[in-house]
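Below, chains carry the letters A, B, ... as their sequence lines are ordered, and counting in each starts from 1.
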Protein chains: 2
Amino acid sequence: MMGKLTREAVVEQALEIGSAEGLQAVTIRRLAQELGVTPMALYWHFKNKEQLLIGMADHLIEGFVIAEDHARPWQEQLRELVTGLVRVLRHYPCAAAVLEEVDHMTVPNFLRVWDTALGLAKQAGFSYEENCLISKYLLQGAIALAAGPMSRRPSASSEERAECLRVKRATLQSLPPDVYPHIVEMAGPLIDGGTTELYDTFGVDILMTGIETMAARLRTG
Amino acid sequence: MMGKLTREAVVEQALEIGSAEGLQAVTIRRLAQELGVTPMALYWHFKNKEQLLIGMADHLIEGFVIAEDHARPWQEQLRELVTGLVRVLRHYPCAAAVLEEVDHMTVPNFLRVWDTALGLAKQAGFSYEENCLISKYLLQGAIALAAGPMSRRPSASSEERAECLRVKRATLQSLPPDVYPHIVEMAGPLIDGGTTELYDTFGVDILMTGIETMAARLRTG
DNA sequence: ACCTGAACACCGTTCAAGT
DNA sequence: ACCTGAACACCGTTCAAGT
């Protein structure tokens with residue numbers, strides 16, 4: 001709110017608003033108001049709103065450094081890259097939402113992570129095209145995981161969130177059991193989805209197990 | 001444009017606009033104009049725009065029927081469910097975008113597919129929570145696959161799309177090779193991502209292989 | 001270089017009123 | 001039941017002008 005109106009200050013304020021009230025609250029006009037400035041002032045620093053979102057996405061991954069250890073197996077390193085990315089994205093509740101809204105190719109720091117993933121995937125022994133897809137799936141999976149529980153309505157005061165979950169579970173439970181038998185039965189675990197640790201590890205486990213198993217099949221014929 | 005202004009007519013017109021010009025072109029006012037009616041007329045048929053999007057999502061999956069064959073193995077059936085869903089979503093270029101914008105739990109036909117997936121996942125032998133996550137990952141994966149190549153700017157006339165891809169590839173190739181070595185090297189396959197068949201099958205293969213391998217480990221210890 | 005004022009062309013939505 | 005007119009409170013963006 002004080003200090004110079006720099007690109008970084010704008011981006012950080014945007015991430016703050018997005019994390020506190022949801023990404024839809026991040027508007028040029030609202031942002032300007034929060035920064036004590038005219039909406040048009042932002043257009044000197046960003047060509048348009050898309051560039052602002054790209055700046056937000058880039059800022060999110062800025063602090064994510066990947067230790068390239070050429071000695072350790074690629075499986076281990078790939079798994080660490082994915083879980084590390086998820087952990088970094090969890091710093092801002094709106095992080096996943098931001099990354100879902102921008103073209104990843106336009107975000108320099110995302111390209112940096114992607115490049116590392118691509119280099120590791122190459123060691124698995126798949127074709128070029130398959131390596132590209134594997135790296136895409138893993139990064140996409142990381143974003144999906146980071147978007148997982150909560151992070152949707154970040155404003156809610158944990159009492160509100162609990163209330164929201166209760167309403168959702170009740171909605172599922174009151175569905176006609178003859179057409180949605182399993183959904184009604186599993187309404188509980190479907191909504192709060194088990195512990196956060198299970199949620200964060202299980203998805204990566206499935207993906208990495210699939211990749212490793214298929215890589216092993218390549219070698220054995 | 002002619003005929004009665006029914007819920008279905010509105011939804012179909014919305015999907016048509018979204019598929020021809022992108023989902024961001026689907027606006028209450030634009031929709032009303034295309035239907036030869038006042039914007040407020042739509043508010044008699046839909047409470048708000050969110051309900052319209054839910055209606056669009058529901059309509060997309062309407063024609064997707066899953067043959068429940070209790071004799072065949074669950075792996076086979078789950079894979080068929082995912083590929084079938086992808087195929088149905090491909091009917092409208094904006095389908096994946098619609099599903100990414102709505103809460104899946106509010107879409108009856110999506111719940112129907114989810115229920116089937118949940119029932120099949122239960123046969124794998126995982127815990128309740130893990131079954132829920134598996135079904136989520138598979139459906140989420142199907143949507144991601146359907147959003148894959150093209151479907152982003154559906155208006156582009158295949159010449160424009162080719163031009164757009166060429167620009168993107170050139171962008172990647174002209175990146176500094178010392179910081180993005182693998183990206184620059186793989187710019188080609190990264191952009192056009194191999195054949196469509198590879199794109200559609202490889203993702204499901206990884207997920208299903210991961211699930212099957214982990215399920216097998218449960219049984220063997 | 002950095003910011004403001006005024007204006008344009010859009011949004012979704014409400015509410016009273018028409019038939 | 002089904003639709004319209006007028007209005008409200010928003011958007012992103014441009015363009016000339018200020019300092």
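Closest to the B/Tyr43 side chain, of the nucleotides C/dT4, D/dT4, C/dT13, is C/dT13. In the set D/dT4, C/dC2, D/dC2, the nucleotide with an atom closest to the side chain of B/Ala41 is D/dT4. Checking C/dA7, C/dC3, D/dG5 against every side-chain atom of A/Arg29, the shortest atom distance belongs to C/dA7. Listed candidates were D/dC2, C/dT13, D/dT14. Nearest to the side chain of A/Met40 is D/dT14. Comparing D/dG12, C/dG5, D/dT4 by their nearest atom to the side chain of A/Thr38 picks out C/dG5. For B/His45, counting side-chain heavy atoms from C-beta on, the closest listed nucleotide (D/dT4, C/dG12, D/dC3) is D/dC3.
In a base pair of the Watson-Crick type (N1 to N3 plus N6-O4 or O6-N4) or a G-U wobble (N1-O2 and O6-N3), with each distance short of 3.5 Å, C/dT13 is matched with D/dA7.
With contacts defined as side-chain heavy-atom distances shorter than 4.5 Å, the pair A/Arg30/A/Val26 does not qualify. In this structure the side chain of A/Leu89 reaches within 4.5 angstrom of the side chain of A/Leu99, judged on heavy atoms. No side-chain heavy atom of B/Leu118 sits less than 4.5 Å from a side-chain heavy atom of A/Glu185.
Remark: B/Thr27 is not in phosphate contact with C/dC10, judged by side-chain N or O atoms under 4.0 Å from OP1 or OP2.
The distance between atom CZ of A/Arg7 and atom P of C/dC2, rounded to the nearest whole Å, is 13 Å. The distance between atom CD of A/Gln24 and atom P of C/dC11, rounded to the nearest whole Å, is 19 Å. In this structure, CD of A/Gln33 is placed 10 Å from P of D/dC10, rounded to the nearest angstrom. Across the protein-nucleic acid pair, A/Leu53 atom CG and D/dG12 atom C1' stand 12 Å apart, rounded to whole Å. One can place CG of A/Leu23 at 15 Å from C1' of D/dC11, the figure rounded to the nearest angstrom. The distance between atom CZ of A/Phe46 and atom P of C/dC3, rounded to the nearest whole Å, is 12 Å. A straight line from CG of A/Leu42 to P of D/dG12 spans 10 Å, rounded to a whole angstrom. Taking atom CG of residue A/Leu35 and atom C1' of nucleotide C/dT4, one finds them 16 Å apart after rounding to whole Å.
Map B/Pro39 and A/Lys49 each onto its nearest nucleotide of DNA chain D; the residue landing nearer the 5' end is B/Pro39.
Of the possible donor and acceptor atoms, none in the side chain of B/Ser19 sits under 3.5 Å from a partner among the backbone N and O of B/Glu16.
Classification of A/Asp192 and A/Arg169 as a salt-bridged pair holds, one side-chain N sitting under 4.0 Å from a carboxylate O.
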